[in-house]
Number of protein chains: 2
Amino acid sequence: MRFVAVVELLPGVLDSQLQRDADVSHFEYYVLAMLSEAPNATLRMTALSLKTNATLPRLSHVIKRLESRGLVRRAPCPEDRRATNASLTEEGIVLVVATAPGHVRTVRENVINRLTEEQIGQLDAISDQLLRRLDPDNRMNPPA
Amino acid sequence: MRFVAVVELLPGVLDSQLQRDADVSHFEYYVLAMLSEAPNATLRMTALSLKTNATLPRLSHVIKRLESRGLVRRAPCPEDRRATNASLTEEGIVLVVATAPGHVRTVRENVINRLTEEQIGQLDAISDQLLRRLDPDNRMNPPA
DNA sequence: GCAGTTTAGTTGAAGCGTCAAGCATCGAGG
DNA sequence: CCTCGATGCTTGACGCTTCAACTAAACTGC
């Protein structure tokens with residue numbers, strides 16, 4: 001199916017733009033973006049891993065790298081001392097703010113602008129349908 | 001967009017099924033499948049890399065692994081001695097034949113069966129539209 | 001309270017993808 | 001022919017993801 005080809009190709013396109021513009025992978029950007037939307041730009045590791053569909057080890061490694069680049073800060077959670085809170089630093093916020101428009105534009109150029117209004121509606125309905133199975137608990141898109 | 005979530009999640013689903021059933025990644029399966037469709041189950045490395053949207057180094061590594069597992073055979077191309085022909089072995093053919101139905105079923109369960117006839121048509125038209133930009137030369141789907 | 005289990009997260013080793021460099025062959029120009 | 005650039009592919013090193021193993025803290029039942 002042609003759709004499979006789209007699924008194969010699209011991530012690469014999104015990745016290269018972010019790599020060029022901000023030297024982050026699409027996944028790293030997504031992590032930063034999820035943090036930036038959270039109250040106080042802070043989330044617990046587990047919550048963040050659910051939102052980003054990452055395994056905990058993966059997230060742990062990524063956060064360590066982002067921390068070493070000064071974009072994220074880790075602090076033990078006071079309420080549950082097993083847990084770790086990840087927060088955006090000032091620098092991290094700056095990066096997200098600076099990078100978001102370019103990223104949005106890339107999505108726009110590669111997806112939205114290629115389709116009619118009607119098709120966008122169709123695609124959204126189709127995606128919704130598919131997510132019922134791919135993400136039954138709606139982890140990736142909590143009713144923000 | 002919800003569509004982005006689909007693009008993130010779907011590859012993982014397809015991958016796990018193939019990993020479970022045949023101990024190959026989705027990409028490895030795709031390589032084997034492309035070979036199986038080619039005349040004489042043989043393709044030159046460059047042609048195969050275009051069809052699978054892989055860099056040549058990546059393909060080279062993958063083919064080496066598949067060869068070491070006895071699924072693929074490499075032979076220098078007689079017409080152009082720089083080139084390498086990759087072919088499916090008997091064993092490789094057996095794997096593709098044995099694995100294809102399960103893979104098709106997975107795609108069916110996760111995509112096709114979730115949508116109405118009408119939506120499938122819409123998705124195909126949308127994919128076609130998007131591929132005009134994502135794959136302008138139509139490398140991934142030569143008019144078979 | 002205290003053993004056993006569950007939850008939260010980190011770490012290190014192993015495997016795959018990417019990138020830069022390399023080698024061989026082909027083809028075009030003089 | 002012979003050189004020079006282009007083409008086809010391979011290789012090795014490095015980075016990221018995954019998996020298994022581990023530590024530590026929190027619940028649970030007795």
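Note that the structure is a prediction, hence the values are computed from the model and not measured. Within every chain, numbering begins at 1; the chains are lettered A, B, ... in the order of the sequence lines, protein sequences first and strands thereafter.
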Any pair with a residue in residues 95-116 of chain A that passes salt bridge (Lys or Arg N to Asp or Glu O under 4.0 Å), sequence neighbours left out, goes on the list, sorted by first then second residue, please. A/Arg105-A/Glu109
Which atom of A/Thr89 lies closest to which atom of A/Gly70, heavy atoms considered: OG1-O, 2.6 Å
What's the shortest heavy-atom distance between A/Ser60 and A/Met45, and which atoms? CA-CE, 3.7 Å
Hydrophobic cluster membership, with links at side-chain heavy-atom distances under 4.5 Å among I/L/V/M/F/W/Y: are A/Leu50 and A/Tyr30 in one? no
Could you give the CG-to-P distance, from A/Leu43 to C/dA8, as a whole number of Å? 14 Å
Round to the nearest Å and state the distance from A/Arg44 atom CZ to D/dA25 atom P. 15 Å
Measure from NZ on A/Lys64 to P on D/dC16 and round the result to the nearest Å. 12 Å
For DNA chain C, find the residues of residues 52-63 of chain A with a heavy-atom distance under 4.0 Å and give them by number; none if there aren't any. A/Leu56, A/Pro57, A/Ser60, A/His61
Under 3.5 Å, is there a donor-acceptor pair linking the side chains of A/Arg139 and A/Asn53? yes
Could you tell me which non-hydrogen atom of B/Val96 sits nearest to which non-hydrogen atom of B/Ala33, and how far apart they are? CG2-N, 4.4 Å
Report yes if the side chains of B/Ser127 and A/Val4 come closer than 4.5 Å at any heavy-atom pair, otherwise no. no
Rounded to whole Å, please give me the gap between CD in B/Gln19 and C1' in D/dC19. 12 Å
Nearest whole Å is fine: how far is D/dA24 P from A/Met45 CE? 18 Å
When rounded to whole Å, the CG to C1' distance for the pair A/Asp15 and D/dG15 reads 13 Å
How close or far is atom P of D/dT18 from atom NE2 of B/His26, stated in whole angstroms? 16 Å
Can you spot which of B/Asn110, B/Val6, B/Leu9 makes a side-chain contact (heavy atoms from CB on, under 4.5 Å) with A/Leu130? B/Val6
In residues 69-88 of chain A, what residues come within less than 4.0 Å of DNA chain C, judged by heavy atoms? A/Arg74, A/Arg82, A/Ala83, A/Thr84
If we ignore angles and hydrogens, is there a donor and acceptor under 3.5 Å between the side chains of A/His26 and B/Glu8? yes
Write down the distance between CZ (A/Phe27) and C1' (D/dG15), rounded to a whole number of angstrom. 15 Å
